[in-house]
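In listed order, ligands and their atoms are each counted from 1. Numbers here are sequence positions counted from 1. Side chains included, hydrogens not; waters and symmetry mates left out as well; all remaining heavy atoms used.
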Amino acid sequence: MRVAIGADHVGFELKESIKKYFDSIGQSYHDFGAYELDPQDDYPDYGFKVAEAVARGEFDRGILICGTGIGMSVVANKVKGVITALCTTPFMARISRTHNNANILALGGRTTQADQALEIVRLWTETEFEGGRHHRRCSKILDYENQKCKEKESGGT
Ligand code: RB5
């Protein structure tokens, strides 16, 4: 699985812990930054990079971390083809894969303890989409997005 990861200054420390976890299990990843702790950096700069790389198909999954995960989830969900789930519990992580087929996980560095976040990451990366009725539901979201984009391209209705 190809994984992209990114964080702002508040998510920086958790990003480094997730990288260590991936190193320990032999999971490769690409780090889109931040590469150093800069209190002036802005989460959209990293969020769009990761989300667009996932949307282009260069990565199967993305993980984004800011203070609460809210900013990153808003940013990434603006990108066509991306389904971002902000998860604060292992249960949410599992369901965001089995039911929602989320291809980006958003985490809050200020709101989720590191050990809980690593368990969320473990479950989220190990869990597959269930398909079936969930495929029908997810398709409705993607169909809506595709339809709206087409309307925009042709001047709107
Ligand atoms: C940065 O102070 C903070 O606003 C950001 O990390 C994030 O929590 C936004 O949602």
Side-chain angles (χ1 to χ4, degrees), residues 1-25 27-127 129 134 137-138 140-146 148-149 152:
M1 183 193 307
R2 298 160 306 164
V3 179
I5 187 162
D8 71 352
H9 56 286
V10 191
F12 184 82
E13 202 181 319
L14 182 53
K15 173 168 71 66
E16 297 309 300
S17 301
I18 293 169
K19 283 164 60 181
K20 271 191 202 137
Y21 164 68
F22 281 153
D23 288 339
S24 77
I25 61 164
Q27 169 64 56
S28 62
Y29 53 81
H30 183 84
D31 184 355
F32 281 83
Y35 303 120
E36 59 188 26
L37 226 169
D38 172 7
Q40 298 307 317
D41 71 7
D42 301 323
Y43 60 87
D45 297 336
Y46 310 107
F48 283 124
K49 275 187 194 155
V50 168
E52 295 211 335
V54 170
R56 283 195 301 269
E58 291 164 14
F59 296 90
D60 305 301
R61 308 269 190 93
I63 298 176
L64 287 168
I65 313 132
C66 60
T68 57
I70 295 172
M72 284 298 201
S73 61
V74 171
V75 165
N77 274 324
K78 296 281 179 201
V79 177
K80 188 172 181 284
V82 164
I83 296 179
T84 308
L86 167 57
C87 297
T88 56
T89 65
F91 177 76
M92 290 172 78
R94 193 164 54 76
I95 298 297
S96 79
R97 288 291 311 133
T98 55
H99 289 202
N100 308 113
N101 201 16
N103 51 7
I104 294 201
L105 167 68
L107 291 166
R110 280 184 177 136
T111 53
T112 306
Q113 296 292 316
D115 53 348
Q116 175 93 332
L118 293 181
E119 178 59 6
I120 288 170
V121 168
R122 186 187 70 76
L123 262 176
W124 190 77
T125 48
E126 286 178 1
T127 305
F129 182 46
H134 303 299
R137 291 162 188 168
C138 292
K140 289 186 180 187
I141 301 170
L142 297 176
D143 288 350
Y144 174 88
E145 186 176 56
N146 284 329
K148 287 291 157 191
C149 286
K152 235 184 192 171

Novice: Determine, stepwise, if the pair Arg122 / Glu119 fulfils salt bridge (charged side-chain N to carboxylate O under 4.0 Å, His left out).
Specialist: CA-CA 5 Å; Arg122 186 187 70 76; Glu119 178 59 6; 2.9 Å; yes
Novice: List every atom of ligand 1 that sits less than 4.0 Å from any heavy atom of Thr68, numbering the atoms from 1 in the order shown and giving each element.
Specialist: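 Ligand 1 atoms under the 4.0 Å threshold to Thr68: 8 (O), 10 (O).
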Novice: Do Thr125 and Phe22 touch side chain to side chain, with heavy atoms closer than 4.5 Å?
Specialist: yes
Novice: Taking N or O atoms only and a 3.5 Å limit, does Gly67 qualify as a polar contact for ligand 1?
Specialist: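 Yes, there is a polar N/O contact under 3.5 Å.
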Novice: Which of the numbered atoms in ligand 1 are below 4.0 angstrom from a heavy atom of Cys66?
Specialist: 5 (C), 6 (O), 7 (C), 8 (O), 9 (C), 10 (O)
Novice: Quick one: does His134's side chain get under 4.5 Å of Asn101's, heavy atoms only?
Specialist: no
Novice: Under a 4.0 angstrom heavy-atom cut-off, which atoms of ligand 1 come close to Val10?
Specialist: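 Checking each atom against Val10, I get 1 (C), 6 (O).
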Novice: Should the proximity of Asp8 to ligand 1, defined as any heavy atom under 4.0 Å, be assigned to the side chain, the backbone, both, or neither?
Specialist: side chain
Novice: Answer yes or no: is there a side-chain heavy-atom contact under 4.5 Å between Lys15 and Lys19?
Specialist: yes
Novice: Examine Gly69 against ligand 1 and note whether any of their N/O atoms are separated by less than 3.5 Å.
Specialist: no
Novice: More than 12 foreign heavy atoms under 6.0 Å from CD of Glu58: is that the case here?
Specialist: yes
Novice: Please determine if Tyr43 has a nitrogen or oxygen closer than 3.5 Å to a nitrogen or oxygen of ligand 1.
Specialist: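 Tyr43 vs ligand 1: no N/O contact under 3.5 Å.
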Novice: I need the minimum non-hydrogen distance between Trp124 and Ala102, along with the two atoms involved.
Specialist: CZ2-O, 3.4 Å
Novice: Do me a favour and list the nearest non-hydrogen protein atom to atom 10 (O) of ligand 1 with residue, atom name and distance?
Specialist: Gly71 N, 2.9 Å
